[in-house]
Structure formats: structure tokens, C-alpha cells
Amino acid sequence: ENFEQDAILVAYDQSGNKVDCDIIPNVIKANVNVSSPNKNVPVSFELNGALPEGKAISEVAADQEVVKIYGTDAVLSRIDSVACVIDAQSLTSESSRQVCQLTIPSGVKSPSVTKVNMEIKVVDAQSRTIEGVNLRYVNNYNGYAVNMEDSTIAVQVFGSEANISRISASDIYVYMDMANAELGENQQLPIYVQQDNYLVRYILPSDTVTVDVLAGSNNDPTGNYTEE
């Protein structure tokens with residue numbers, strides 16, 4: 001907060017030595033502006049571990065969804081959210097009340113809250129298969145081209161009926177890792193799906209994909225596989 005106070009005036013010479021002299025007036029009113037950089041960031045919920053077989057989280061109601069954090073501008077610029085990690089093994093009933101200790105990023109001073117009270121609802125899980133999910137790539141250090149029969153993949157989604165109904169192909173990020181790719185036909189490359197939604201779980205039909213790896217590149221720089 002800004003404040004005002006009396007300040008005594010003191011004279012110094014060019015060398016920084018105090019000069020014994022009369023200053024009129026020798027006291028002034030000083031207005032001091034105090035800056036405390038801060039920003040509001042959302043609470044991001046994460047799931048640690050696996051839910052009981054056949055169960056899914058339908059919703060999480062929290063008493064705090066936004067946290068005000070304080071720190072230097074450099075620290076604040078790197079932070080987009082504050083994590084609340086939910087212990088999946090503790091969700092054994094249809095409704096569970098829990099207190100989550102927030103994971104405060106390094107460098108943050110005096111967050112407005114440090115814990116969140118939650119009510120978590122668990123229901124029977126449903127499944128749905130989503131076709132046409134784009135297959136992307138990472139770690140294509142050699143700029144290889146990739147030929148394959150189909151540049152999309154089907155992904156099975158598990159969750160509550162309401163939550164899986166909201167998922168579309170564009171919400172799912174599936175990628176093949178080309179770090180160890182070699183030139184040749186019928187190469188088996190590992191594929192992964194990004195589990196970035198704690199309310200649903202994605203399952204791939206296989207751990208690998210068969211591709212022909214060629215010299216040159218017919219892939220765009222964003223990591224999307226494109227056919228010639």
C-alpha cells in the first residue's frame with residue numbers, strides 16, 4: 001500500500017560524504033508508492049494415480065478456483081496456473097470431501113490461499129471411441145519424411161458419460177516419437193497420447209505405428225503429419 005511520512009533532508013557532497021549545513025526546510029512530506037507485482041491464476045486440477053476400476057470423476061467443486069500470487073515480474077511471467085493434485089486412491093466413495101494443499105511454484109511470495117476445499121463426485125465410467133485423431137510427431141531431428149497408410153488414429157476415451165460426450169478429435173494430442181527413427185520401410189515407431197484432462201482417460205489401440213521413413217521432409221513444422 002502507498003503511504004505518506006515525514007522525511008528528514010540530509011546533504012551529501014559528490015563523494016557521498018555527509019555535509020554539515022543548514023537545510024531549510026529540513027523536513028518534507030514524502031509520498032511513497034509501494035509496488036507489489038501480482039497476478040490471478042487459475043487452480044489446475046491433476047490426478048495422481050489410478051481411480052478404482054470402472055470409476056471416473058464426474059466433477060470437482062472447489063471453494064477456490066483462482067489464486068492471487070505475488071512475486072517478481074520475471075517469476076509471474078512463467079506461471080499460468082497453480083496445481084492441486086488429487087490422490088486417486090483416496091476416491092473410494094461416490095462423494096468425497098477433501099482438502100488439497102496447493103503446489104506453489106518456486107519464487108512465489110504470499111499466495112492469497114494455500115489450500116482448496118473440494119467436493120469430488122465419482123461415478124461409473126463409460127467408454128467411447130473417437131475416430132480421426134490426427135497423428136503428429138516429435139523429435140524429428142533429421143527432417144525425415146513419413147509415409148503411412150492413415151495419418152489419423154482411433155482413441156478410446158474413458159470417463160463419465162457427460163465428460164466423454166464433450167471430447168472431440170481436436171481435443172486429443174497423439175504423437176509418434178522419431179528420436180530413434182531410421183531410414184527404411186515398415187519402421188515401428190512408439191506413439192503416445194497426452195493425458196491432459198484429469199476428468200477422462202485416453203487409451204491407444206497400440207503402442208506403436210508402422211511407417212515408412214524416407215529422406216527429405218513432407219511434414220509441416222508444427223508437427224502434423226501430412227500426406228503428399
Undergrad: Are Leu183 and Tyr137 in one and the same hydrophobic cluster, where Ile, Leu, Val, Met, Phe, Trp and Tyr link if side-chain heavy atoms are under 4.5 Å apart?
TA: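 In one cluster: yes.
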Undergrad: Checking side-chain contact (heavy atoms from CB on, under 4.5 Å) for the pair Met176/Val138: CA distance, chi angles, key distance, verdict?
TA: CA-CA 6 Å; Met176 54 181 158; Val138 297; over 6 Å; no
Undergrad: Just verifying a value: how many Å separate Ile130 CD1 and Ile172 CD1, rounded to the nearest 0.5 Å?
TA: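 Separation between the atoms: 4.0 Å.
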Undergrad: If you count the non-hydrogen atoms of other residues, nucleotides and ligands that lie under 6.0 Å from CD in Glu4, is the total more than 12?
TA: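 Above 12, so yes.
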Undergrad: Should Val85 and Val116 be regarded as members of a common hydrophobic cluster, given that ILVMFWY residues are connected when their side-chain heavy atoms come within less than 4.5 Å of each other, either directly or indirectly?
TA: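 No; Val116 is not reachable from Val85 via cluster members.
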Undergrad: For the residue pair Lys68 and Val41, establish whether any side-chain heavy-atom pair is separated by less than 4.5 Å.
TA: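 Lys68 vs Val41: side chains apart.
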Undergrad: What pair of heavy atoms forms the shortest contact from Val99 to Lys115, and how long is it?
TA: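 That would be CG1-CD, 3.9 Å.
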Undergrad: Would Asn117 and Asp63 satisfy side chain to side chain donor-acceptor pair (under 3.5 Å), going step by step from the backbone distance to the final call?
TA: CA-CA 6 Å; Asn117 297 304; Asp63 64 349; 2.8 Å; yes
Undergrad: What distance separates Tyr202 OH from Asp196 CG, expressed to the nearest 0.5 Å?
TA: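 That separation rounds to 5.5 Å.
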Undergrad: Hey, what do you get for CD1 (Ile69) to CD1 (Ile104), rounding to the nearest 0.5 Å?
TA: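 That separation rounds to 8.0 Å.
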Undergrad: Quick one about Ser95 and Glu119 (side-chain donor to acceptor, distance below 3.5 Å, no hydrogens or angles considered), yes or no?
TA: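 Present: a donor and an acceptor within the cut-off.
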Undergrad: Any chance you could lay out the side-chain contact (heavy atoms from CB on, under 4.5 Å) test for Leu204 and Ile191, step after step, and finish with the verdict?
TA: CA-CA 8 Å; Leu204 295 174; Ile191 57 174; 4.0 Å; yes
Undergrad: Looking only at heavy atoms, which two atoms of Leu51 and Ala88 are closest? And how far apart?
TA: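 Minimum heavy-atom contact is N-CB, 3.8 Å.
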Undergrad: Is there a donor-acceptor pair closer than 3.5 Å between any side-chain N or O of Asn147 and the backbone N or O of Asp212?
TA: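 The answer is no, because no donor-acceptor pair under 3.5 Å joins these two groups.
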Undergrad: Quick check: closest heavy atoms across Ala215 and Ala145, and the distance to 0.1 Å?
TA: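 The pair with the smallest heavy-atom distance is O-CB, 4.1 Å.
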Undergrad: Does Ile28, at its CD1 atom, have more than 12 non-hydrogen atoms belonging to other residues, nucleotides or ligands within less than 6.0 Å?
TA: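 Yes, because the 6.0 Å sphere around CD1 of Ile28 holds more than 12 heavy atoms from other groups.
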Undergrad: Do Tyr70 and Leu102 share a hydrophobic cluster (ILVMFWY, side-chain heavy atoms under 4.5 Å, transitive)?
TA: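 Hydrophobic grouping puts Tyr70 apart from Leu102.
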Undergrad: Examine distances only and state if a side-chain atom of Gln89 and a backbone atom of Ala50 form a donor-acceptor pair shorter than 3.5 Å.
TA: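 Indeed, once roles are kept as given, a pair shorter than 3.5 Å links the two residues.
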Undergrad: Mind listing the closest non-hydrogen atom pair of Ala62 and Phe45 along with its distance?
TA: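 Looks like CB-CZ, 3.7 Å.
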Undergrad: Distance only, no hydrogens: is a donor on one side chain within 3.5 Å (strictly under) of an acceptor on the other, for Thr210 and Gln187?
TA: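 There is no such pair (donor and acceptor under 3.5 Å, judged by atom type) between the side chains of Thr210 and Gln187.
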Undergrad: Please test Val122 against Glu94 for side-chain contact (heavy atoms from CB on, under 4.5 Å), starting from the C-alpha separation and ending with a verdict.
TA: CA-CA 5 Å; Val122 176; Glu94 293 183 357; 5.6 Å; no
Undergrad: Please check if the number of heavy atoms outside Asn17 that lie under 6.0 Å from its CG is greater than 12.
TA: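 Above 12, so yes.
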Undergrad: Should Thr208 and Gln188 count as side-chain neighbours, where that means a heavy-atom distance under 4.5 Å?
TA: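 Heavy-atom side-chain distance check passes, below 4.5 Å.
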Undergrad: Under 6.0 Å between ring centres, would you say that holds for Tyr175 and Tyr192?
TA: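 Ring-ring flag for Tyr175/Tyr192: true, centres closer than 6.0 Å.
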Undergrad: Rounded to the nearest 0.5 Å, how far apart are CG of Leu76 and NZ of Lys39?
TA: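 Taking CG in Leu76 and NZ in Lys39, the distance rounds to 6.0 Å.
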Undergrad: Compare all side-chain heavy atoms of Met118 with those of Cys84 and state whether any distance is below 4.5 angstrom.
TA: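 With C-beta onward as the side chain, the pair touches.
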Undergrad: What closest approach, in Å, do Tyr144 and Met178 show between heavy atoms, and which atom pair accounts for it?
TA: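 Heavy atoms only, the tightest pair is CB-CE, 4.0 Å.
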Undergrad: For Gln14, which residues count as a side-chain contact (heavy atoms from CB on, under 4.5 Å) partner, sequence neighbours excluded?
TA: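 Expected list: none.
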Undergrad: Mind checking whether Gln101 and Thr114 have side chains closer than 4.5 Å, heavy atoms only?
TA: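 Touching, per the 4.5 Å side-chain cut-off.
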Undergrad: Heavy-atom distance under 4.5 Å between the side chains of Ile203 and Arg201, does that happen here?
TA: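 Yes, their side chains come closer than 4.5 Å.
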Undergrad: Measure the SG-CD distance between Cys100 and Glu46 for me, rounded to the nearest 0.5 Å.
TA: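 Output value for this atom pair is 9.5 Å.
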Undergrad: In this structure, would Leu47 and Val123 fall into the same cluster of hydrophobic residues linked by side-chain contacts under 4.5 Å?
TA: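 No, Leu47 and Val123 fall in different hydrophobic clusters.
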Undergrad: Going by salt bridge (Lys or Arg N to Asp or Glu O under 4.0 Å), name the pairs with one or both residues in residues 18-30, residues two or more places apart or in two chains.
TA: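 Checked against salt bridge (Lys or Arg N to Asp or Glu O under 4.0 Å) - neighbours excluded - the pairs reaching residues 18-30 are Asp6-Lys29.
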Undergrad: Identify the two heavy atoms, one from Val19 and one from Asp13, that lie closest to each other, and give their separation to 0.1 Å.
TA: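 So the minimum-distance heavy-atom pair works out to CG2-N, 3.5 Å.
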Undergrad: When rounded to the nearest 0.5 angstrom, what is the spacing between SG in Cys21 and OH in Tyr12?
TA: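 Reported to 0.5 Å precision, the distance equals 11.0 Å.
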Undergrad: The test is side-chain contact (heavy atoms from CB on, under 4.5 Å); show your working for Ile86 and Ile120 and say whether it passes.
TA: CA-CA 10 Å; Ile86 302 171; Ile120 305 170; 3.8 Å; yes
Undergrad: With side chains defined as the heavy atoms from C-beta onward, is the minimum distance between Val211 and Val213 less than 4.5 Å?
TA: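 Result yes, sub-4.5 Å side-chain heavy-atom pair found.
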Undergrad: Which atom pairs, one a donor and one an acceptor, fall under 3.5 Å between side chains of residues 153-164 and the rest of the protein, sequence neighbours left out?
TA:
from   : atom 1 : to     : atom 2 : distance (Å)
Ser160 : OG     : Asn163 : N      : 3.2
Ser160 : OG     : Asn163 : ND2    : 2.9
Asn163 : OD1    : Arg166 : NH1    : 2.7
Asn163 : ND2    : Ile57  : O      : 3.3
Asn163 : ND2    : Ser58  : O      : 3.1

